[in-house]
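A quick write-up on the structure given underneath.
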Amino acid sequence: LAHVGLLLWLAPAGAAPDAGPIASAYLGVLVTGASALAVGVLGSSVTRSQTTAAALTFVLLLGVLFVGLVPDLTPGAPRELADVVDLRRHMDDFARGLVDLRHVAVHAALIAVALTAAGVAITVERRPHALPSGVAGVVLVAAAGALVVTLAVRHPRRADLTRAHTHSLEGRTRQILESSREPVEALVVHAGEPAFADLYDEVEELLRGFQTVAPELRVTRLDPALDPGRTAELAAGMALAPGEVSGGGAVVLRAGDRRR
């Protein structure tokens with residue numbers, strides 16, 4: 001907060017920092033830190049050794065982080081689950097001024113499950129006969145958390161807190177997405193040229209915005225280096241050379257027999 005105060009003090013007239021991304025970034029730190037602390041409490045509840053508890057907490061949090069890295073480390077792996085729990089994406093969105101209900105739901109579910117499991121672990125240590133009911137309670141809380149996350153994923157909502165509503169879709173775009181009556185697929189062909197990397201980060205962000213309005217929009221990704229045959233087939237269908245598609249990348253929208 002002192003840094004924010006310093007920015008406000010030094011900013012020239014009419015150039016004050018955007019309060020929206022600052023607030024959402026602090027919210028991101030709050031919910032992410034709370035879930036990490038909940039996992040730490042769980043680690044401390046199952047052992048009397050502080051060293052073991054710290055190591056266990058580290059392993060558990062590393063596992064949560066690793067789930068979000070799976071698509072990057074294993075091309076072809078399903079991205080749906082990884083996209084939901086990817087902590088890097090969570091913090092990136094919060095820092096941009098986006099508060100996504102899906103991110104908040106994931107951290108709330110993690111906090112609830114971890115604290116419930118910690119409470120059960122402490123109770124069982126004192127009353128071992130309470131183990132079956134304790135396990136059942138953890139399973140029920142985990143199921144409830146999974147249900148909440150599933151609902152948040154199926155009905156995505158997010159708030160754009162930026163002053164200029166940088167990440168909000170225009171009204172016409174929202175009308176087109178809401179009026180779509182058939183499944184739409186967006187095929188993202190990642191560019192091989194490093195110069196286009198930042199551009200495709202923006203493409204991914206735009207498609208996530210589309211999905212908040214039209215959850216039925218299906219996004220698939222194609223890496224030309226891993227599937228050159230499909231890339232060549234796609235390039236032929238668009239009357240382009242394979243090198244043009246693999247080098248610069250492409251975004252192909254499909255709806256029924258229509259493709260653009």
Side-chain angles (χ1 to χ4, degrees), residues 20-21 24 27-28 31 67-68 70-72 75-109 145-191 196-223 227 230 234 237-238 245 248-260:
S24 62
L27 176 62
V31 297
V67 172
V70 168
D72 296 332
R79 300 185 63 98
E80 287 76 12
L81 176 62
D83 286 345
V84 173
V85 300
D86 190 350
L87 298 182
R88 301 170 304 162
R89 172 172 292 180
H90 294 184
M91 292 306 300
D92 184 54
D93 283 351
F94 281 122
R96 289 169 177 257
L98 286 171
V99 178
D100 195 313
L101 180 61
R102 293 168 292 186
H103 303 342
V104 177
V106 167
H107 288 287
L147 179 61
V148 169
V149 173
T150 301
L151 289 174
V153 171
R154 289 184 177 274
H155 304 281
R157 295 290 184 274
R158 65 179 189 174
D160 182 1
L161 302 186
T162 58
R163 182 183 300 147
H165 299 290
T166 307
H167 308 293
S168 297
L169 299 176
E170 293 185 356
R172 178 57 179 163
T173 303
R174 297 181 67 90
Q175 290 178 0
I176 294 174
L177 291 170
E178 291 171 349
S179 63
S180 177
R181 298 182 179 179
E182 56 185 340
V184 179
E185 177 187 3
L187 173 63
V188 181
V189 184
H190 287 279
F196 292 102
D198 292 340
L199 173 62
Y200 277 84
D201 287 342
E202 295 299 325
V203 168
E204 293 283 355
E205 166 60 29
L206 181 61
L207 290 175
R208 289 201 297 272
F210 285 176
Q211 286 180 312
T212 62
V213 179
E216 65 277 3
L217 173 66
R218 182 167 170 261
V219 179
T220 58
R221 296 163 181 84
L222 173 62
D223 189 336
D227 198 345
R230 188 181 177 193
L234 180 65
M238 298 191 302
V245 176
V251 179
V252 182
L253 297 177
R254 296 175 179 172
D257 296 330
R258 294 173 296 169
R259 180 173 66 179
R260 178 170 296 181

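FYI, the numbering just counts along the sequence from 1.
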Do any N or O atoms from the side chain of R88 and from the backbone of G68 form a donor-acceptor pair under 3.5 angstrom?
yes
S24 side chain to G20 main-chain N or O, any donor-acceptor pair under 3.5 Å?
yes
Given L169 and L206, is the side chain to side chain contact (heavy atoms under 4.5 Å, CB included) satisfied, shown in steps?
CA-CA 9 Å; L169 299 176; L206 181 61; 4.0 Å; yes
Non-hydrogen side-chain atoms of L98 and T162 separated by less than 4.5 Å
no
Return the set of residues passing salt bridge (charged side-chain N to carboxylate O under 4.0 Å, His left out) with D160 (not counting sequence neighbours), or none when no residue passes.
none
Taking C-beta and beyond as the side chain, do F210 and V219 meet within less than 4.5 Å on heavy atoms?
no
Listed by chain and number, what are the salt bridge (charged side-chain N to carboxylate O under 4.0 Å, His left out) partners of R230, not counting sequence neighbours?
none
Pair V31-F94, side chain to side chain contact (heavy atoms under 4.5 Å, CB included): steps then yes or no
CA-CA 10 Å; V31 297; F94 281 122; 4.0 Å; yes
With sequence neighbours left out, the residues meeting side chain to side chain contact (heavy atoms under 4.5 Å, CB included) with L101 are A152, R157
Considering only heavy atoms from C-beta outward, does the side chain of V106 approach that of V84 to under 4.5 Å?
yes
Check: L253 and L187 side chains under 4.5 Å, non-hydrogen atoms:
no
Any idea which heavy atoms bring A109 and V149 closest together, and the distance?
CB-CG2, 4.0 Å
Donor-acceptor pair, side chain of H167 and main chain of G97, under 3.5 angstrom
no
A side-chain contact here means heavy atoms from C-beta on lying under 4.5 Å apart; do R102 and T212 qualify?
yes
Under the ring pair (Phe, Tyr, Trp, His ring centres under 6.0 Å) test, which residues partner H103, sequence neighbours left out?
H90
Could you tell me which residues satisfy salt bridge (charged side-chain N to carboxylate O under 4.0 Å, His left out) with E185, sequence neighbours excluded, listed by chain and number?
R218
4.5 Å side-chain heavy-atom contact, L27 and V99:
yes
What pairs with R158 under salt bridge (charged side-chain N to carboxylate O under 4.0 Å, His left out), at least two apart in sequence or on another chain?
E205
Between the side chains of R89 and D93, is the shortest nitrogen-to-carboxylate-oxygen separation below 4.0 Å, so that they form an ion pair?
no
Determine whether V203 and V251 make a side-chain contact, defined as any pair of heavy atoms from C-beta on separated by less than 4.5 Å.
yes
